[in-house]
Amino acid sequence: MDNDLIAAARKAAQQSYSPYSKYPVGAALRFADGSIVTGTNIENASYGLALCAETVAVSKAMADGVRGGLEAVAVTGPTDRGDGAPITPCGRCRQVLNELAALGGTDPLIFCVGNDDVREVRLSQLLPHAFGPAHLD
Ligand code: THU
């Protein structure tokens with residue numbers, strides 16, 4: 001369990017722009033050098049253009065030049081929606097996370113945070129047989 005990473009994700013969710021779904025999500029990425037990059041979901045009046053928290057976090061990191069070293073990810077959702085089960089990254093975000101992970105050859109641990117428990121899974125478990133940059137070599 002990485003309580004600092006989970007706390008960072010929860011804090012990031014406070015900046016969520018989700019007036020349409022009212023479903024704030026926070027994501028936090030931890031890198032090999034100990035640095036943490038966070039993201040939150042950003043929605044749009046054109047609903048289908050919503051950006052997920054994980055994708056925003058990866059975009060922030062990559063825009064700052066990060067290319068690998070992804071060791072862990074925490075994802076949090078609201079505690080007053082659904083059945084309280086751990087939130088897991090959507091399919092698109094799994095693929096986006098995989099790109100950054102593949103660049104550094106890591107298989108990050110994903111902390112999927114629920115109301116009462118945290119599910120820990122490897123990205124490769126969430127996205128087995130992933131398509132990645134190596135396919136284009
Ligand atoms: N959302 C995320 O930010 N990450 C996910 O992995 C799942 C969904 C956001 C998108 C949208 O703003 C809201 O949650 C409801 O789907």
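From a predicted model like this one, the values you see are computed outputs, not experimental measurements. Atoms within a ligand are numbered from 1 in the order they appear, just like the ligands themselves. We number each residue from 1, following the sequence as shown.
- In terms of protein heavy-atom proximity, atom 1 (N) of ligand 1 is closest to C52 SG, 3.6 Å.
- Near P89, meaning under 4.0 Å from any of its heavy atoms, are these atoms of ligand 1: 6 (O).
- Between Y20 and Y17, the ring planes are perpendicular. Angles over 60° get that label, and only those under 30° would be called parallel.
- Per-residue contacts place E43 under 4.0 angstrom from the following atoms of ligand 1 (heavy atoms of the residue considered): 11 (C), 12 (O), 13 (C).
- Counted within 6.0 Å of CZ on R122, heavy atoms from surrounding residues, nucleotides or ligands total more than 12; the atom is thus considered enclosed.
- Within the 4.0 Å cut-off (strictly below), a protein heavy atom is located near atom 12 (O) of ligand 1.
- Taking distance alone, with nitrogen or oxygen atoms compared against 3.5 Å, S18 stays at or beyond that limit from ligand 1.
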### Task
Walk me through it: do N44 and S46 pass the test side chain to side chain donor-acceptor pair (under 3.5 Å)?
CA-CA 5 Å; N44 191 282; S46 179; 4.6 Å; no
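- Ranking the protein heavy atoms by distance from atom 9 (C) of ligand 1 puts N41 ND2, 3.6 Å first.
- Scanning all protein heavy atoms for the shortest distance to atom 3 (O) of ligand 1 gives A53 N, 2.9 Å.
- Looking at ligand 1, you'll find an N or O of C90 within less than 3.5 Å of one of its N or O atoms.
- When hydrogens are left out, the protein atom nearest atom 6 (O) of ligand 1 is E54 OE2, 2.7 Å; that is the closest non-hydrogen contact.
- For N41 and S16, the side-chain atoms include at least one donor-acceptor pair closer than 3.5 Å.
- Heavy-atom neighbours of R119 CZ from other residues, nucleotides or ligands within 6.0 Å: at or below the threshold of 12.
- Using modelled atom types, one side-chain atom of R94 and one backbone atom of P89 make a donor-acceptor pair closer than 3.5 Å.
- The ring pair (Phe, Tyr, Trp, His ring centres under 6.0 Å) pairs that include a residue from residues 77-125 number zero, where partners must be two or more places apart or lie in different chains.
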